[in-house]
Amino acid sequence: MDLKSSFSGIFESILSKEPLFKDKDILRHSYTPSELPHRESEIKQLATILAPALKGETPSNILIYGKNGTGKTIVTKFVCDLLVETLKKNTNFYPVTPIYLNCEVTDTQYRILANLAKHFGEKIPFTGWPTDKVYNAFKKSIDEENRCVIIILDEIDKLVSKSGDTVVYNLTRINSELKNAKVSIVGISNDLRFTNYLDPRVQSSLSEEELVFSPYNARQLEDILRQRAEMAFKPGVLDEFVIPLCAALAAREHGDARKALDLLRVAGEVAERENAEIITEKHVRRANEKIESDNIVEVVRTLPTQSKVLLYAIILLEERGSEMVTTGEVYDIYKRMCKSLSLDILTQRRVSDLISELDLLGIINSHVVSKGRYGRTKEIKLEVSPVGIKLVLEDDTRLRNLSNFKFPQRRLF
DNA sequence: TGTCCACTGGAAGGGAGGGCTT
DNA sequence: AAGCCCTCCCTTCCAGTGGACA
């Protein structure tokens, strides 16, 4: 029998399997449901603050705080959608234009202004213009009409930590330069302390109103999951313990609703792949492991080459039995590795920053310790299992030769 | 008590690479 | 083509530091 005929009908048989999902997209982050359980009071508060926009008044600027997956973004988008719908139904109201920007992606003054201006039809190159020119183009384009522009700066803390508060400062003061339009700002942050880094003037004008989103508890997460699961899955495919388990696991991670939804979705996918007819606790546990390892693998795979070499050096040092690895040791091995790969060698200062980045990504854990007479350094520890990560690193063609890297004979420490 | 180590981490600035304007 | 601008990645410089040791 030839190969092809042994696989004949493979697609038919895959597709003929009864799927467990009715609509998987309902479990994705991007989906905005028609109801947001346990966020009624936040919706009301935000709507109350933004409502004056419809009457042609400038709403107060708002800062929204809350950990990941507490519904900040979804509530803000939900309220803005409502605002726009209200506007469509009732033409007596003053026009309102909400603009959503994620500052993790749009993270410089230039890009923020260029993005805003593009919303009003301005053609702005992604680089090349002086920033004040972009600012003026934006100002001119919004001021052509009587309207209220609500600028939503999601992850505003990332913008401020990277590019300072100049854009925010300019945006909070733009109203005094506008004749027709009005601007108000909604800043969303998951770092409560980020206003400490702001100029006091920006701080006070940005946080005219503050909203804090507390984490969901396990019971609330269950409600959210039940609501979505009803729409996402076929009836009767969920074991009764699945939702409480997803909720409990996510509640442990500061009540992250996104995590809870991911768990449920991936558990469904795992079960489907196994041809199971019912999704059980076992699938949730497997989903939990899969999500964690997929995330790490993806992060490591997309690391710049230099960081990959650095990480490889840390792994080898740990494999050699060092409980704690220090910057100096890592830098020494890193230099040797770069030499053997004919890569440029970065300075220790730069490497120190790369180590901090790896820490931020959760791949390693580093903290500064003083060893007294023997100086101050970072102690570095891997946060992930070295075996899998090593394979991911060796998968990079530029690093492949490191698999037979020889440690220097001399003990380093 | 002072010294001194092995760094840390802030600041400033270089330069390459993207682009625009004149 | 020359002169700018913005961003990213990096180097150089250097003050600062916690705690072991003399």
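Every chain is numbered from 1 and lettered A, B, ... according to where its sequence line falls, protein lines coming before strand lines. Fair warning: this is a prediction, and the values are worked out from it, not measured in the lab.
The pair A:Glu35-A:Arg228 does not meet the salt-bridge criterion, since no charged nitrogen lies less than 4.0 angstrom from a carboxylate oxygen. The pair A:Asp262-A:Lys259 does not meet the salt-bridge criterion, since no charged nitrogen lies less than 4.0 angstrom from a carboxylate oxygen. Residues A:Glu318 and A:Lys381 are not paired through a salt bridge, judged by the lack of any N-O separation under 4.0 Å between the basic side chain and the carboxylate.
Put simply, A:Ser370 has no side-chain N or O that comes within less than 4.0 Å of OP1 or OP2 on B:dC7. In this structure, A:Lys162 does not reach the C:dT7 phosphate: none of its side-chain N or O atoms is under 4.0 Å from OP1 or OP2. The shortest distance between the side-chain N/O atoms of A:Lys133 and the OP1/OP2 oxygens of C:dC4 is not below 4.0 Å. Proximity of A:Thr347 to the phosphate of C:dC10: no side-chain N or O atom is located under 4.0 Å from OP1 or OP2. Residue A:Trp129 places no side-chain N or O under 4.0 Å from the OP1 or OP2 atom of C:dC6.
Side chain of A:Thr326, nearest nucleotide from B:dC7, C:dA20, C:dT11: B:dC7. Of the candidate nucleotides B:dT21, C:dC8, B:dT8, B:dT8 has the atom lying nearest to any side-chain atom of A:Ser352. Taking only side-chain atoms of A:Tyr374, from C-beta outward, the nucleotide of C:dC10, C:dA20, B:dG9 with the closest atom is C:dA20. Distance from the side chain of A:Gln306 is smallest for C:dC10 among the nucleotides C:dT7, C:dC10, B:dC7. In this structure, of C:dC9, B:dG10, B:dT8, it is B:dT8 that holds the atom nearest to the side chain of A:Arg376. Side-chain proximity of A:Arg373 to C:dC8, C:dC21, C:dC10: nearest is C:dC21.
Atom-to-atom, CG of A:Asp359 to P of B:dG9 comes out at 10 Å; the value is rounded to the nearest Å. For the pair A:Ile345 CD1 and C:dC9 C1', the computed distance is 17 Å after rounding to whole Å. Separating the CD atom of A:Glu379 from the C1' atom of C:dG18 is a distance of 13 Å, rounded to the nearest angstrom. Between the CG atom of A:Leu343 and the C1' atom of C:dC10 there is a distance of 15 Å, rounded to whole Å. Distance A:Glu357 CD to B:dT8 C1': 15 Å, rounded to the nearest Å. For A:Leu354 and C:dC8, the CG to C1' distance is 13 Å, given to the nearest whole Å. Between the CZ atom of A:Arg350 and the P atom of B:dT8 there is a distance of 14 Å, rounded to whole Å. Atom CG of A:Leu346 is separated from atom P of B:dG14 by 20 Å (rounded to the nearest Å).
Judged by distance alone, with hydrogens and angles left aside, A:Thr127 brings no side-chain donor or acceptor close enough to the base of B:dG19 to form a pair under 3.5 Å. The base of B:dG10 sits within donor-acceptor range of the side chain of A:Arg349, with an N or O pair under 3.5 Å.
Sequence order on DNA chain B of the closest nucleotides to A:Phe126 and A:Ser356 puts A:Ser356 first from the 5' end.
Using a 4.0 Å heavy-atom criterion, one finds that A:Leu113 contacts no nucleic acid atom at all.
When each of A:Ile152, A:Ile156, A:Val186, A:Val75 is tested with A:Ile64 by the rule side chain to side chain contact (heavy atoms under 4.5 Å, CB included), just one qualifies, namely A:Val186.
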**Message:** Set out, in order, the CA-CA distance, both residues' side-chain angles and the distance that settles salt bridge (charged side-chain N to carboxylate O under 4.0 Å, His left out) for A:Lys67 and A:Asp256, then state yes or no.
**Reply:** CA-CA 8 Å; A:Lys67 296 247 169 82; A:Asp256 187 341; over 6 Å; no
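Here A:Tyr65 and A:Phe213 keep their ring centres 6.0 angstrom or further from each other.
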